[in-house]
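These numbers come from a predicted model, not from an experiment. Reminder, nothing fancy here: chain letters follow the sequence lines and each chain counts from 1.
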Amino acid sequence: MINELRSSLAAGIGRAVEHITGTVPELVSVEDPPRPDMGDLACPVALQMARKLGRNPRQLGQQIADHLNQHPIAGVRRWTIAGPGFLNAWLDRGAALFELIESVRAGAVAPKPVKVLVEHTSINPNKAAHIGHLRNSCMGDTLARIFRHQGYPVEVHNYIDDTGVQVADVVIGFIDLRGMSADDVRAVPEPFDYYCWDLYTEASERLAHDEQLAERRRVVLRALEAESGVEAEVAEVVVDRIVRRHVRTMRRLGIEYDLLVKEGDILALDLWAEAFERLKRTDSVYQANKGKHEGCWMLHLSGTAGFEDLEEADKVLVRSNGVATYVAKDIAYHLWKYGLLERTFRYERVGGIEPAPDGHEHEVWETTHQGGQEQSFGHADRAVSVIDVRQSYLQSIVGRVFYLVGEPQAGKTFTHFSYEMVALSPVTARALGIPVADDDERQFVEMSGRRGYGVKADDLLDELVRRATEEVGQRNPELSNSERERIGRQIAVGAARYFLLKYARNTVIVFDLEAALSFEGETGPYLQYAAVRASHIFNKLRDRIDVDAAELVGGLLREVEDPVYGATRAGVCDKLANDDGPLWNLVLALGRLEEVIEQAVESLELSLLAKYAFGLAQHFNRFYHGYPIVHAEDADDRALRVLVAYAFQKQLATALELLGIPLPDRM
RNA sequence: GCGCCCGUAGCUCAGCUGGAUAGAGCGUUAGCCUCCGGAGCUAAAGGCCGCAGGUUCGACUCCUGCCGGGCGCACCA
């Protein structure tokens, strides 16, 4: 609602300025005033123009305001001038409210013919997921939800590095340290990812100090790539089991994938070979014949735009032993994402994943190179990769390759969604038994899979569920245990997801366990509680005074003269016009939802949506305390409040859906 | 060394393309359940916005230089 109003006001103000000064302003920005008593929308155009024209800003502003008051713009009741010359618009509140209600009731947007591919999670399949991975998955999932909300077909990928060093290390742990066979590994009891978490730490430790074992890693790596021997067999078991655990963990949070892309298949199906051939046809690839990269195939980047500051910008694509690097495979994958390779994957359904606790089951596929079937994955028009900021350099190489191979359209639409890591607060680190010296000045402790430092995602969720379920039980003693736990899980997910989405993406999250486990203040449950309150009101209206909210809203929209509930549209507008704060502030905030969603996806700053949703809940709670609805004495007052609560419920529900925060029916 | 990011209330963080009296949560203090559920609301205290210059009618925001911290710059990913 507000975004349309903003552009129509900007246009109207522009015309007024032109009429008065004879000059068309370059930019007319319509902003939100710092305080509600300064108006509903504000415009600093008089300040900018006055300077250019050598005029008094206050006087010019007054002239514009006078003109606008004589030639009104639809939606604005009056214009005032304030401060150094700000132009303040006071909206026609009734029109704004009913426009809001209309837009809230409008259906889904039209589908857009632009396929968006979102890659997220992409955890090394050798250990349990921790809260850092969770930040990635929550952001990727919310991004996907927003794209879908906007009408884009979305395909979600999770990239599985099944042939990398991290998997090799765990394979060494199983075979060399534990002396286990592939069948032994298959027989390891759940939670398998927890078992590997410890084993990986142990293997890393040994590998760091044992030359022979380190040499063994090179052998294992080659075996994984060649799919030979017990090493490859163990690796396959490890990857399969771990990936299923990851998918299960994320499913607890309402996060789903369409396709798991396995790095090994990029090699086995010669996607890399094809990409390599294509690269060789450009003049950007060469084989080094001397120096430290002798024998390696290199990607030429030195001196090219964006890489000129690096000492040795050229990147190894194929090692001297013939093994492709991670970047090489990622390049092939990204060319494939845009349908730029002839070759493609084979696919099969992923089995053996528990359905979500609520019974919901999403079809997950994975790539394969043995058997499988054809599917229409890929062929994206836009690709977004959610990967932490530490991989910015590598991602910029991937982005550059699109241009090198003559695919600027892909280069332009490819986005590295970067974000900062999650670190542990010293208090939380100590609580986990991670050594932090007392005189350590560090503000936080970085997590490390290699060292086993971190809060496992499932541990966080389990504790959240435990606390939430207990709290639900105390507040609702009449509920059965299974009901308590069902709601407890919803609250836990809300708490976890809000916590990981509320920070700006370039902010390092200093993870404090107690703060993350909180249900009060700026948290997911605060939002959920506000939503539950709203629906509770509608129940009460129906049960106690036989008012059906949908019917009331519908009647007022049709401007029924003598509505069943005794309110009239004119009466409602009159009440709204005389409101002195919280109610109108809520209406105004409700009108900004679509604008905030657009801003969030454009800036890739999902925290904007989280913060906005929290602000909505805050506005609602103030409204809730100050404006009785069921007990409202006047019919018009009650109708107005019902309309506002109705709009709130709808808008918050949309915001929560996008944030992936479940909406409990009670709490 | 080079590049990117960050220094805002006791703590954790917001602050839109420069705009009006710099906000929120936690914590602290004081209030609010004969009234739609207190996971809530109200109020108070708490700030040389790291430091120093510059640009501007106007700087938390833009530029430069310092100081402090983080992350990158592998034949790891």
Touch class at under 4.0 angstrom, heavy-atom based, for A:P628 against every strand present: base
C1' atoms of B:C49 and B:U61, separation to the nearest Å: 10 Å
Polar side chain donor-acceptor pair, A:T121 to A:N158, under 3.5 angstrom: no
Separation between the P atoms of B:A20 and B:G15, rounded to whole Å: 15 Å
Sugar-phosphate, base or nothing in reach of A:F499, heavy atoms under 4.0 Å: nothing
Aromatic ring of A:F86 stacked on base six-ring of B:A20, 5.5 Å, 30°: yes
Listed nucleotide nearest any side-chain atom of A:S320, set B:C75, B:G38, B:C41: B:C75
Paired nucleotide for B:G23 [Watson-Crick or G-U wobble; both distances under 3.5 Å]: B:C13
Complement of B:C41, any strand, by Watson-Crick or G-U distances under 3.5 angstrom: B:G31
A:E119 CD to B:A77 C1', straight-line distance once rounded to whole Å: 13 Å
Nearest-nucleotide 5' precedence on RNA chain B, A:R390 against A:Q166: A:R390
Pair A:W297 and A:F276, ring centroids less than 6.0 Å apart: yes
N or O in side chain of A:Y393 less than 4.0 angstrom from B:A74 OP1/OP2: no
Nearest listed nucleotide, side chain of A:Y624, among B:U21, B:A77, B:C36: B:C36
Residue-phosphate contact under 4.0 Å: A:Y326 side-chain N/O, B:A77 OP1/OP2: no
N or O in side chain of A:T507 less than 4.0 angstrom from B:A14 OP1/OP2: yes
Whole angstrom value for the distance that separates C1' of B:A74 from CG of A:L301: 15 Å
Interatomic distance where CG belongs to A:L394 and C1' belongs to B:C4 [whole Å]: 14 Å
Whole-Å distance separating the NZ atom of A:K315 from the P atom of B:G72: 13 Å
Touch class at under 4.0 angstrom, heavy-atom based, for A:K502 against every strand present: nothing
Options B:U21, B:A77, B:C36, nucleotide nearest the side-chain atoms of A:K540: B:C36
Contact under 4.0 Å: A:Y526 side-chain N or O vs B:C41 OP1/OP2: yes
Geometric cation-pi criterion A:R533 and A:Y624, 6.0 Å radius, 45° cone: yes
Atom-to-atom span, NE2 of A:H619 to C1' of B:A24 - whole angstrom: 12 Å
Nearest to side-chain heavy atoms of A:F519, which nucleotide of B:A77, B:C36, B:A39: B:A39
Distance, rounded to the nearest Å, where A:I509 contributes CD1 and B:C11 contributes P: 19 Å
Under 4.0 angstrom between A:N506 side-chain N/O and B:C6 OP1 or OP2: yes
Watson-Crick/G-U partner (both atom distances under 3.5 Å) of B:C73: B:G1
Contact under 4.0 Å: A:H293 side-chain N or O vs B:C75 OP1/OP2: yes
Sugar-phosphate only, base, or nothing, as touched by A:Y503 at under 4.0 Å among non-hydrogen atoms: sugar-phosphate
A:S607 vs A:E605, side chain to side chain donor-acceptor pair (under 3.5 Å): CA-CA, chis, key distance, verdict: CA-CA 5 Å; A:S607 62; A:E605 195 51 87; 3.0 Å; yes
A:H120 side chain to A:Y159 side chain, donor-acceptor N/O pair below 3.5 angstrom: no
B:C51: pairing nucleotide in any strand, Watson-Crick or G-U under 3.5 angstrom: B:G65
P-based separation of B:A59 from B:G68 [nearest Å]: 28 Å
Parallel, tilted or perpendicular: rings of A:Y526 and A:F614 (30°, 60°): tilted
Residues A:Y419 and A:N136: side-chain donor-acceptor under 3.5 angstrom: yes
P atoms of B:C11 and B:C48, separation to the nearest Å: 11 Å
A:N621, nearest nucleotide to its side chain (from B:U17, B:C41, B:C5): B:C41
Sugar-phosphate, base or nothing in reach of A:D314, heavy atoms under 4.0 Å: nothing
d(CZ, A:F614; P, B:A14) in whole Å: 14 Å
Touch class at under 4.0 angstrom, heavy-atom based, for A:A530 against every strand present: nothing
Polar side-chain contact A:D37-B:A20 base: donor and acceptor under 3.5 Å: no
Which nucleotide in B:A77, B:C36, B:C13 has an atom nearest any side-chain atom of A:I629: B:C36
Separation between the C1' atoms of B:A39 and B:U21, rounded to whole Å: 33 Å
Side-chain N or O of A:R533 closer than 4.0 Å to phosphate OP1/OP2 of B:G40: no
Touch class at under 4.0 angstrom, heavy-atom based, for A:V389 against every strand present: nothing
Selection from B:A20, B:C75, B:C36 that lies nearest to any side-chain heavy atom of A:I537: B:C36
Atom-pair distance (CD on A:Q48; P on B:U56), nearest Å: 17 Å
Syn or anti conformation of B:C33, syn meaning chi within 90° of 0: syn
C1' gap between B:C13 and B:A30, integer Å: 26 Å
Proximity to the side chain of A:A82 - top-ranked nucleotide from B:U17, B:A14, B:A20: B:A20
Sugar-phosphate, base or nothing in reach of A:I491, heavy atoms under 4.0 Å: base
Base B:U21 to side chain A:R35, donor-acceptor N/O within 3.5 Å cut-off: yes
Touch class at under 4.0 angstrom, heavy-atom based, for A:Q618 against every strand present: sugar-phosphate
Side chain of A:E446 - closest among B:G25, B:U42, B:C71: B:C71
Same-atom distance (P) from B:A22 to B:A9, integer angstrom: 15 Å
Earlier contact from the 5' end, RNA chain B, for A:L47 and A:E294: A:L47
Close side-chain approach of A:W90 to A:N88, heavy-atom, < 4.5 Å: yes
Distance-minimising heavy-atom pair for A:L224 and A:G164: CD1-O, 4.2 Å
P atoms of B:U56 and B:U12, separation to the nearest Å: 37 Å
Donor-acceptor pair between A:E420 and A:T507 side chains, under 3.5 angstrom: no
Sugar-phosphate only, base, or nothing, as touched by A:M421 at under 4.0 Å among non-hydrogen atoms: sugar-phosphate
Given B:U12, B:C75, B:A14, the nucleotide with the shortest approach to the side chain of A:C296: B:C75
